[in-house]
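In what follows, residues are counted from 1 in the order of the sequence shown.
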Amino acid sequence: MHNIKLKYLFHKTFFIPPILLFLCCLCHSFLITAKEDNTLSSTEKVKSSTNVFIGLQLPKGKKKVEIPIEVYHNLVLLPLRINNSFEMQFILDTGAKTCVLTEPLLTEFMNIDSMRSIQINGLGENQSITAHVADQVSLQVGDDISGTHVSLLVLPQGLLSFNELFGKPVYGIIGYEVFKQFVVEIDYENELLTLYDPKHFKKPKRYTKQPIKIERSMPFIEADVTHLSGKQERLKLLLDTGASKAASFLYENAPLPDQTIDAFLGKGIGGDIFGKLGRINSLHWGNFKFDDMVVGYPDQSDIGLNLKDGDWHGNIGGEVFKRFTVIFDYSNKNVYLRKNSNYKKVFKYNITGIELAVQNTNEGSLLTINHIRERSAAQTADLRVGDQLIFIDSHDLRDAGIGEAYYHLNKKAPSNIRIKVIREGEVLNKKIKLFPEL
C-alpha cells in the first residue's frame, strides 16, 4: 500500500450566472502529490520502458479541436469517457494534478481490471482514508481527444460528491492531464473549449498576454491588492478554474476588512469549513483592475493547511475568469485574456444567506436548504435547514434547477421575497426582507 498526501487547496464557492451570486458549496479542489520516495508510479514506469504515448493527444493531422462545455456556477464541466464508458461530466480544474473519480460505484462500468490501495492523509480528525488508484486507464475527452496510460484516483463512496450541489451528475475532476498536453482556451461566454497543439499555436490578436509560473503542475501569478484599510501588498495567487468565487486569501496574516460576515464556506474531509466574507478595494492583475471584489477568508483551523510552510497566498477563481475568454499556455508560461460582456459586472454575494442542495427522492428532485448564515435575512425570516423550497414569489420550483432557484432568491437589496416551503409535511409561507451586509 502506498502513502500519498491529499492537500486541499481551496474550498469552492459557486456563482450562478447571470447575476453572479456568491454561494457556498462543498466542492474542493486539490493537488495530490506522492510521498517523497524513489518509487515510480505505474505511468512513469510505462513511459520509461516503452515508446507508448502517455496522456491525451489530438487526432492525427489536426492542430486544434473544439469541444462544447457547460459553464455551471462559473465552473467548466467537461464531457469525458473512461475506458469507453458512458459520457460523464468532470470539472476542469487547474488546481488538480491527478484525475479524480468521486463516485467509486461507477468503476463497475469502466472495465477496470485492478486497483491498488493508497492511504490518504486527510483533514481534521480523520487521520487517514483508504482510496484506490487505477493505473493505465484510457480517457476520451469530447469526440476527438483520447489518451492512454492515465492514472485515476478513486475516492471512497460518499467522501466527496458534487451531484447535490450541481443538481445534476458530476463525477470528478480533471486538470493537469489536459493543461500539460495542450494550449487550452476557455470561452466562458459561449461555452466552448478549444484545445490547440502547442507546436502550432500562435498568439491571438486582441488578447492581453500575462506571464504565469508553473509550480507543482499549477499556474501562479502575482497580483497587487489594495485593502479597504489602504494597505497595499503583492500576493502570489493560484489561477484556479476549479474555484468559482472571485478570490480567497489563505495566508496567515491576511488583513480582514472592518466589515465582514461570518459564513459557512464548505465541507472538507475533516468537516465543515467556516470563515468570513469581505470586500477589498481593488485587485490589479497586469493590465486589469477589479474593484470592490468579494473575497473569502476561510478559518485556517478548518481547512487544515500549514500556511506558514506555503509560498502562495490564495487563489483567483471563476468569478474573475468568466469575464474573459482565457487561454492557458503552460508550455510558454503565459495566459492570454480577452474581455467579454461580463467584464464590468459588479461582484455580488449570497445576500439571502441560504445554501441549497438537491435531494433525489422517489417523488423527484427536491430543493432543500442545507445551511443558513447566522444573522442573515433568511435566519431573520425563520427559514431552517431541511426546509424544502417549492415557490419563490410566483415561481414554481418543483421542477426547477438549483441555478434558477438562486436566481430568484438573490435580488437587489433592499427588497422583499416571498417563499413557500414544506417543513415536516406542513406548507409555510415566509417573507424575506433583504438587506445588504457588505
*Is there a donor-acceptor contact under 3.5 Å from the side chain of N334 to the main chain of N332?*
yes

_N315 side chain vs S248 backbone, donor-acceptor pair below 3.5 Å_ = yes

*Return the minimal non-hydrogen interatomic distance between K345 and R323, and the atom names on each side.*
O-NH1, 2.5 Å

*D291: what forms a salt bridge (Lys or Arg N to Asp or Glu O under 4.0 Å) with it, not counting sequence neighbours?*
K289

*Check whether any side-chain heavy atom of T208 lies under 4.5 Å from a side-chain heavy atom of K339, and answer yes or no.*
no

*For residues E189 and D187, determine if any side-chain heavy atom of one lies less than 4.5 Å from a side-chain heavy atom of the other.*
yes

*Examine distances only and state if a side-chain atom of Y406 and a backbone atom of L356 form a donor-acceptor pair shorter than 3.5 Å.*
yes

*Are F166 and H73 close enough that their ring centres sit under 6.0 Å apart?*
yes

*Side-chain (Y349) to main-chain (E437) donor-acceptor, under 3.5 angstrom*: yes

*Would E319 and K322 pass as an ion pair if we require N to O under 4.0 Å?*
no

*Which atom pair, heavy atoms only, marks the closest approach of C99 to F90?*
SG-CE2, 4.1 Å

_Sidechain-backbone polar pair: T352 side chain, L409 backbone, donor-acceptor under 3.5 Å_ = no

*Flag the pair L256 / Y297 as yes when at least one side-chain heavy-atom distance between them is below 4.5 Å, and no otherwise.*
yes

*Are F179 and F328 close enough that their ring centres sit under 6.0 Å apart?*
yes

*asked:* Please report the interatomic distance CZ(F201) to CD(E185), rounded to the nearest 0.5 Å.
replied: 7.5 Å

*On the ring face of Y72, is K168 found with NZ or CZ under 6.0 Å from the centre and within 45° of the axis?*
yes

*What residues form a side-chain hydrogen bond (donor to acceptor under 3.5 Å, both in side chains) with Y171, not counting sequence neighbours?*
none

*Give a yes or no answer on whether the side chain of T260 reaches the backbone of P257 with a donor-acceptor pair at less than 3.5 Å.*
no

*asked:* Evaluate S146 against Q57 for side-chain hydrogen bond (donor to acceptor under 3.5 Å, both in side chains), listing each step before the verdict.
replied: CA-CA 6 Å; S146 61; Q57 58 183 325; 5.6 Å; no

_Qualifying salt bridge (Lys or Arg N to Asp or Glu O under 4.0 Å) pairs with a residue from residues 73-84, counting only residues at least two apart or across chains_ = R81-E87

*D224, CG atom: more than 12 neighbouring heavy atoms under 6.0 Å*: yes

*Can any side-chain N or O of Q136 pair as donor or acceptor with the backbone N or O of V150 at less than 3.5 Å?*
no

*State the CD1-OG1 distance between I173 and T241, to the nearest 0.5 angstrom.*
10.0 Å

*Under the 3.5 angstrom rule, does the side chain of Q210 hit a backbone N or O of I212 as a donor-acceptor pair?*
no

*Mind checking salt bridge (Lys or Arg N to Asp or Glu O under 4.0 Å) for E191 and listing every partner two or more places apart, or none if nothing turns up?*
none

_From I82 atom CD1 to L106 atom CG, the distance as rounded to the nearest 0.5 Å_ = 8.5 Å

*Please determine which of V335, I186, V183 meets the side-chain contact (heavy atoms from CB on, under 4.5 Å) test together with I327.*
V183

*Any side-chain heavy atom of I91 sitting closer than 4.5 Å to one from L78?*
no

*Is the closest side-chain heavy-atom distance between I280 and T226 below 4.5 Å?*
no

*May I ask you to check whether F324 and F288 place their ring centres under 6.0 Å from each other?*
yes

*Under 3.5 Å, is there a donor-acceptor pair linking the side chains of H227 and E233?*
yes

_Looking at every non-hydrogen atom in both residues, tell me the closest pair between D144 and P59 and how far apart they are._
O-CG, 3.4 Å

*Do you know which two heavy atoms are closest between P156 and A131, and how far apart they sit?*
CD-CB, 4.1 Å

*Output all residues satisfying side chain to side chain contact (heavy atoms under 4.5 Å, CB included) with L366, sequence neighbours left out; order by chain, then residue number.*
T361, T368, Q388

*Grab the two heavy atoms, one from A357 and one from N370, that are nearest each other, plus how far apart they are.*
CB-ND2, 3.9 Å

*With rounding to the nearest 0.5 Å, note down the distance linking CG in N287 to NE2 in H284.*
9.5 Å

*Going by an N to O cut-off under 4.0 Å, is there a salt bridge joining K276 and D299?*
no

_Going by the rule side-chain hydrogen bond (donor to acceptor under 3.5 Å, both in side chains), which residues pair with K236 if we only count those two or more places apart in sequence or in a different chain?_
E215, D311

*asked:* With a 4.0 Å cut-off on N to O distance, would you call D262 and R373 a salt bridge?
replied: no

*Over all heavy atoms of both residues, which pair between I392 and A405 is shortest? Give the atoms and the distance, please.*
CD1-O, 3.6 Å

*asked:* Tell me whether D93 contacts the main-chain N or O of D240 through its side chain, where contact means a donor paired with an acceptor under 3.5 Å.
replied: no

_Are the side chains of L383 and I369 in contact, using a 4.5 Å heavy-atom criterion?_
yes

*Are the side chains of I316 and L238 in touch, meaning some heavy atoms are under 4.5 Å apart?*
no

*Decide, yes or no, whether a salt bridge links K63 with D197 under the criterion of side-chain N to carboxylate O below 4.0 Å.*
no

*Please lay out, stage by stage, how V225 and V295 fare under the test side chain to side chain contact (heavy atoms under 4.5 Å, CB included).*
CA-CA 11 Å; V225 172; V295 175; over 6 Å; no

_Pairwise distance CG(D135) to CG(L152) - rounded to 0.5 angstrom_ = 9.5 Å

*Kindly check if the number of other-residue, nucleotide or ligand heavy atoms within 6.0 Å of NZ (K64) is above 12?*
no

*Does the side chain to side chain contact (heavy atoms under 4.5 Å, CB included) test come out yes or no for D292 and F347, once each step is laid out?*
CA-CA 7 Å; D292 205 26; F347 293 92; 5.7 Å; no

*asked:* With rounding to the nearest 0.5 angstrom, report the OH to NZ distance, Y196 to K202.
replied: 13.0 Å

*Are the side chains of Y207 and T325 in touch, meaning some heavy atoms are under 4.5 Å apart?*
yes

*Is there a side chain to side chain contact (heavy atoms under 4.5 Å, CB included) between I112 and N83 once you walk through the steps?*
CA-CA 8 Å; I112 294 176; N83 285 354; 3.6 Å; yes

_The test is side chain to side chain contact (heavy atoms under 4.5 Å, CB included); show your working for L159 and I129 and say whether it passes._
CA-CA 9 Å; L159 181 65; I129 295 167; 3.8 Å; yes

*T130 and Q119: side-chain hydrogen bond (donor to acceptor under 3.5 Å, both in side chains), yes or no, with the steps?*
CA-CA 5 Å; T130 300; Q119 205 68 18; 3.2 Å; yes

